[in-house]
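To keep things clear, I will list the structure first and then write my remarks on it.
Numbers restart at 1 for each chain; the letters A, B, ... are given by sequence-line order, proteins then strands.
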Amino acid sequence: MKTSVFLGTLAAAGLAAGVAAAGTLADVKAKGFVQCGISTGVAGFAFTTAAGEWDGFDIDICRAVATAVFGDPKAVKFTPTTGKTRFTALASGEIDMLSRNTTWTYSRDVDLKLTFLGVNYYDGQGFMVPTALGVNSATELDGATVCIQTGTTTELNLADFFRANDISYEPVPVETNAEARAKYLAGACDVYTTDASGLAATRSTFENPDDHVILPEIISKEPLGPLVRHGDNEWGDVVRWTLNVLIIAEEKGITAANVGDMAAAPGKDPEINRLLGTEGEYGAMMGLSKDWAAKVIAAIGNYGEVFEKHIGVNTAIGLPRGLNAQWTDGGLIYSPPYR
Amino acid sequence: MSDSTEELHVDQSKMHITDEIAIQITDMNKWYGEFHVLRDINLTVHRGERIVVCGPSGSGKSTLIRCINRLEEHQKGEIVVEGIELNSDLKNIDKIRAEVGMLFQSFNLFPHLTVLENCTLAPIWVRKTPKNEAEATAMQTLERVKIPEQAHKYPAQLSGGQQQRVAIARCLCMNPRIMLFDEPTSALDPEMIKEVLDVMVDLAEGGMTMLVVTHEMGFARRVANRVMFMDEGQIVEQNEPEEFFHNPQNERTKLFLSQILAH
Amino acid sequence: MSVTTEPRQASFRIDMLWTDSRYRSTFLQIIALIAVMLAAFWLVNNVAQNLANLGKDFGFGFMTTPSSYDINQRLIDYTSRSSHSTAAVVGLLNTLLVAVLGCILATFLGVTAGVLRLSKNWIVSRLMTVYIEGVRNVPVLIQILLLSAILDEVLPHPKTAEALLGGFVVPTNRGFYFPIPTFQDGSLYVVLAFIASVIGAIWFGRWATRRQQQTGEHLPVAWIKLGLVAGVTLLTYLVMGLPIGLEYPELKGFNFKGGIYARTSLVALTLALSIYTGAFIAENVRAGIQAVSKGQTEAAFALGLRPSWTMNLIILPQALRVIIPPLISQYLNLTKNSSLALAIGYMDATGTLGGITLNQTGHAFETLMLLMAFYLSISLSISFVMNLYNEQVKLVERTSVAGGGFSVLALFAGVNGKWETLKKGDATMQPNYGVAGWLNLVVLLYGATLVMMLYYLFLDQSEGRDSYYLWGTGKQAITLFLTVFSATAFVTAIFKHYRFIDMAAAELVVFILAVLIGLPFGEMTFGLLDTSVVVFGGLAARLATIGYTVFGARPNVTYFYRVREGSGS
Amino acid sequence: MSSEPNVAFVASGQIPPSAPPASEVGPIHWLRANLFDGVVNSILTVASIVAIVLLVPPLVDWIFIKGVWNAGSLSGCREVIAAAHGEGVTGACWAVINERFNQLIFGFYPSELYWRPILAFVLMLAALAPVLFSTLPRWMLWFSAAYPIAAYFLIWGGLGLEVVESGQIGGLLLSVIIGVTGIVASLPIGIVLALGRQSSMFFIKTICVVFIEFIRGVPLITLLFVASVLLNYFLPPGTSFDLILRVVIMVTLFASAYMAEVIRGGLAALDKGQYEAADALGLNYWKSTRLIILPQALKVSIPGIVNTFIGLFKDTTLVSVIGLLDPVGLLNPIRATAAWNGILWELYLFVAVLFWIFCFSMSRYSMYLEKKLKTDR
């Protein structure tokens, strides 16, 4: 991008400004809670209960971080963000972290100056059509009307996919999943495209899920994960390793139910010992308590438990683990060693 | 013009004119944009004088008296009121306005305040008089204009004549040395004119310096010590009432008097 | 003389700044100016610091990069490879489209409901009251969402859709499909015949009015006009062998193909906005008619005019003057409310420029600035039209020309007047037509040049032409300087400040210099408009401005002052 | 009576009133005069009746007769309807409102503390009373002045009350907070702007005009975008405050431009003589403005201010677009809940009716004020 006249003056005025990089971790500890940016509502990932509590897969990541820092899953406050406001809210310091089905992309990482801390859900964009249309592949969708959520990467993927396959389509932008669902069911669009998890979740809520089919094409990679601002590594480490702890816990078979017993005394597996604070001073390295990981698992459960609780096959959403199985089970969920 | 003035009781003996100068206007000119409203006005008013200004509409008579308390700004010449020159200095303007009372054709009472509040507003806020004192003075003044019983009513509840008397009382509460009257009776019904004129006569008898723009020629004859005729922005003629009415010199004055007294 | 009046032109003291009326207003204004500038500096400085801290840069370069998203409703060519600025233009046009359609429909609804609410028919007037009070008091956002949902649910799927009105419209829950006219050889003659017959009908109407005034005879003018236009056009159409046909939409694959169609989002938005705004207009219409009708109706009846004539000749012309100012401010509200399109995915300016582009590029500052500038220019244009109207109503009343509707042309009627008349545009001596007319022209020209400049600078994407953002800094600066200058002169003219001779003169010098060195207007072309038109138009505008100031006429441009008694937005 | 040339006449007594002829009274006459007065009117009447018959009964059926108030989820509703009225019958599922009513009104405000916003609301009415009804004693205005502080502590807590976070505030409560704060805070700014716009000082006037016209020229939604994504940029680095506060700031600026125009109308309605009389008494600009001009101009402006408030209150729904959870914003998380997936009309209708009740009563009040003002003079 070329320098414009505007930029000259602005930059000149801004040269004097120093970069004020206060540590978010210190700030968070000082104020006593984590301010977590979330979505305004995605089935299974973020929704409100009748009691007025936020709950869901993304929400539990926030709660896990709160537990890591304060030992209390309730020491978190939520800021619902839209596709438009989420990055600004993070960049301006309004929220400390964002856990809102956000796809990790190059430009977000580099250009928007954000740091992605791992992947809590591997997704990909797919298509859902009514079975009655008799469509078996996305390439047969020439001329179809496609419902699509705006403000996400999906509309870019969609444009690229149809352009690459040289077929035409008619985008119907909608603001939220609920709108999309209503439109799709009413037949205002032939196809609904969003992340495959979203498709499955939406389909599960239909009266007759079998009348709809999710096409085999997955047209994009959508690694979703929590993120923080650039240049705040201590805080980033806390969030990253909170997520990793959930993953390792599942790999090692630590659950909310048995973590108390396992943390009571050192066991045979040194990694579990390190993780649960019965060996070494690993928590202190990040400025956290010794048994922070144990508290996280006790309060939230391990990755698999969180998954099953909110979006797994036994829930209304009914997503299979698929790519999101542990690497030991042939999936992509894999944490670096806790060492 | 109107016969209501025939019954005015005027005691000329009570009216004293002193040598002290109340208003001194020298070579004053004023323009509205391109329009030359006031041309080379020269006027000296002694303390205790009662001057009636008359003339056809648009002759600049209202503008003249409005210049005296700076409701209009003159562009050339000099106006000195009670020894204070009217210039761009805002403090002087404030001082002069406190000394000069003005009455309007349309009364301009403040409709959201009671009669008493109308009368105490300026003493309290401009003269910084304590409220009790201001109210006591106001009640006295209202008695002087003969409407003490209306003190707690709102202006809209009063008749036109009563309103104008309240307006006079409002001025008097500031204890002014000079009073300017801008056609005080022309918005009133005939039967109300007299009650206002009575109050004005009372003022004159008290020795007030008065500049009155009016078409009440009876009032001019009995009360004024000088009548001034203006036309097209200039003072055409001024004289004592008897001379002015019976022996006008200027043709325009004659024409005007013949029209206004024909009825 | 007891008082000596030594003119005390005392030397300047510092307290005279606030005690002397000569200096006080200037002093206060300078303080205000300093305060505003400090505040502006503080804000800009904060922005610069914040941007620097975040490592973001400020610039419009991103507008030329491919947008990578598709837009379904578009009036110009656009693909996902087009630039963000093209996407913005698509959005702007969509905003204008919905605004224009909405205003027309809202006027229709509002006038109907307003008149019917005054109807003697009990049930009808009650129904209209229910409509007006029901709709006015519910947020328009909810109405848009609700209507959009209703259209989705109620209208049939394309597979089951049936053509209505003899195939003229096919409503589906994807959109409304209309046939498109196709033009073959000879259709030109039909169009020409149509235009000619319309002109003939207008001429006939005038002739009939004259005749009626002279002889008192009534002709069924409307029927004859209709017959004239329809007859001539139809005849030519038949003679030329039916050259104009209709291409009907057909169901192919997933959707209907062919014809023109309006997406449901467009229909829902237009409908919701016009139903909402129509309720407000209905109240304005009712108030306007009631304001006029009482005594006037009786007077007209007393003169022996029939009720229908009374409405047309007496009530409506007067009521219109009361109705039109609030009506135009309702148009403005409708246009601003159209930004709620993003709630139902209609891709207006807020959806493209302030929506996806902002989202995908992260340049919130730049996109929001452009977006606000766009809405602001629409608002100012609409108030401009309203003020033109008010000016003319005032003129008509002042010169006591009886009746007479509004015509834009009449505003320029004085342009050909005598120079003396123009020079002495004094309201008390002469009707102000001349100066008003000329000055309208000047302001219009200013406005046009400005719009063209801005378009050229930031939006023009024609082939073989460097974008503004890619120029050298010098060229950028000169162009920007010129534009800002033009804009300031324009704004000064708008805000009644008539002594802008220095500004206009300076601008003229800069402008001539710019033309001489060939920067940057040497390469300006706008379709049919040649460079010279723009250059000389700008010159003429500036010269005229100077002329007015020199010759003492007072370009009293009050048109931009809004006379709105707006009720909500 | 008599054709004799003698026209002198003295009434011998009062003629008693008698009943009108049958054609002037009764339902038949009413029908003829009001419904079937001419062909066009008759057609309109018939068309209206047909429309009412086609629309109203199905709606009443759907809303009331087939409506379900108690169920745990949408499918629960459907089962209840199917059980009561047979398969395939549709009816309104008001159970969602039943379950989420408190959420739509208070957001996530702790339910045991609901009395606080309710008390604040009641106190607000009490604080408004002396402003709206001039007959009440003046000392009550002191209470009105103190109210905002009291309301702040009541709603957000502090001073011994349990603290409630902004994030927990939502629903109608949020709309009322934004609307009321916006209108109250915009009043002083609007007064200053209106006075500035009337000023003879060119520069000050220009600043005011540019500000007012700018704000009125752009849609509120763009200003809300500014509040949500840009406002932090304009403040010193590191400052960041609550989104609700930022929205309130923007809404206040927005309302103040409209308020300025309303008050300007009030100022314009004032007689020029009032300014002159104040001048002639020696009151300076600020004193005459405060004592003479504003009290009168504001009184005239009250209906306009109420109308501005209605407009603003309706516009608070736009905050849902930037992720605040007002009643419209709450629809999405509710619809994302598994139990209520697919629910649509009931929520929209409920929110619409909620706003309608508020706005309609306020518009009636403003009409009453306008009428009263007209007769007052």
Looking only at heavy atoms, what is the nearest atom pair of [X] and [Y], with distance?
X	Y	answer
D:F355	C:P139	CB-CD, 3.4 Å
D:F234	C:L43	O-CD2, 3.5 Å
D:F214	C:M372	CZ-SD, 3.6 Å
C:A149	D:Y348	CB-CE1, 4.3 Å
D:K314	C:F280	NZ-CZ, 3.6 Å
D:P219	C:K336	CB-O, 3.5 Å

Which atoms of [X] are under 4.5 Å from chain D, going by heavy atoms: the side chain, the backbone, both sets, or neither?
X	answer
C:A343	neither
C:Q143	neither
C:L127	side chain
C:I382	neither
C:S119	side chain
C:I150	both

Between [X] and chain C, which part of the residue has a heavy atom less than 4.5 Å away: side chain, backbone, both or neither?
X	answer
D:L344	side chain
D:I207	side chain
D:V351	both
D:S320	side chain

Exercise for the section: Name all pairs fulfilling the side chain to side chain donor-acceptor pair (under 3.5 Å) condition that reach into residues 44-53 of chain D, sequence neighbours left out, sorted by first residue then second. Expected result: C:N121-D:T45

Problem - Exam field: side chain C:N50 to backbone D:P236, donor-acceptor pair closer than 3.5 Å - result: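 No, the answer is negative, given that no donor and acceptor are paired below the 3.5 Å cut-off.
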
Does [X] reach the side chain of [Y], with side-chain heavy atoms less than 4.5 Å apart?
X	Y	value
C:Y375	D:I221	no
C:S379	D:V218	no
D:Y233	C:N46	no
D:L44	C:I123	no
C:L146	D:W345	yes
C:R136	D:C359	no
C:L28	D:M201	yes

If I take atom [atom1] from residue [X] and atom [atom2] from residue [Y], how far apart are they, to the nearest 0.5 angstrom?
X	Y	atom1	atom2	answer
C:E133	D:F360	CD	CZ	5.0 Å
C:M369	D:T222	CE	OG1	13.0 Å
C:S329	D:R216	OG	CZ	8.0 Å
C:L33	D:I204	CG	CD1	10.0 Å

Practice task
Kindly determine whether D:L235 and C:W42 satisfy side-chain contact (heavy atoms from CB on, under 4.5 Å), including the steps that lead there.
Solution key: CA-CA 9 Å; D:L235 300 168; C:W42 185 70; 4.2 Å; yes

Completion exercise
Answer key: most heavy-atom pairs under 4.5 Å with chain C among D:T316, D:I52, D:I310, D:I49 is D:I52

Problem - chain C-proximal positions within residues 223-230 of chain D [heavy-atom distance under 4.5 Å] - result: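 At a heavy-atom separation under 4.5 Å, chain C is reached by D:L223, D:F225, D:V226, D:V229, D:L230.
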
Handout entry: Residue selection (most heavy-atom pairs with chain D, distance under 4.5 Å) from C:V124, C:L145, C:V36
Key =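 Of the options given, most contacts go to C:L145.
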
Problem - Option that, when pairs with chain D are counted at under 4.5 Å, heavy atom only, ranks first among C:V138, C:L342, C:T26 - result: C:V138

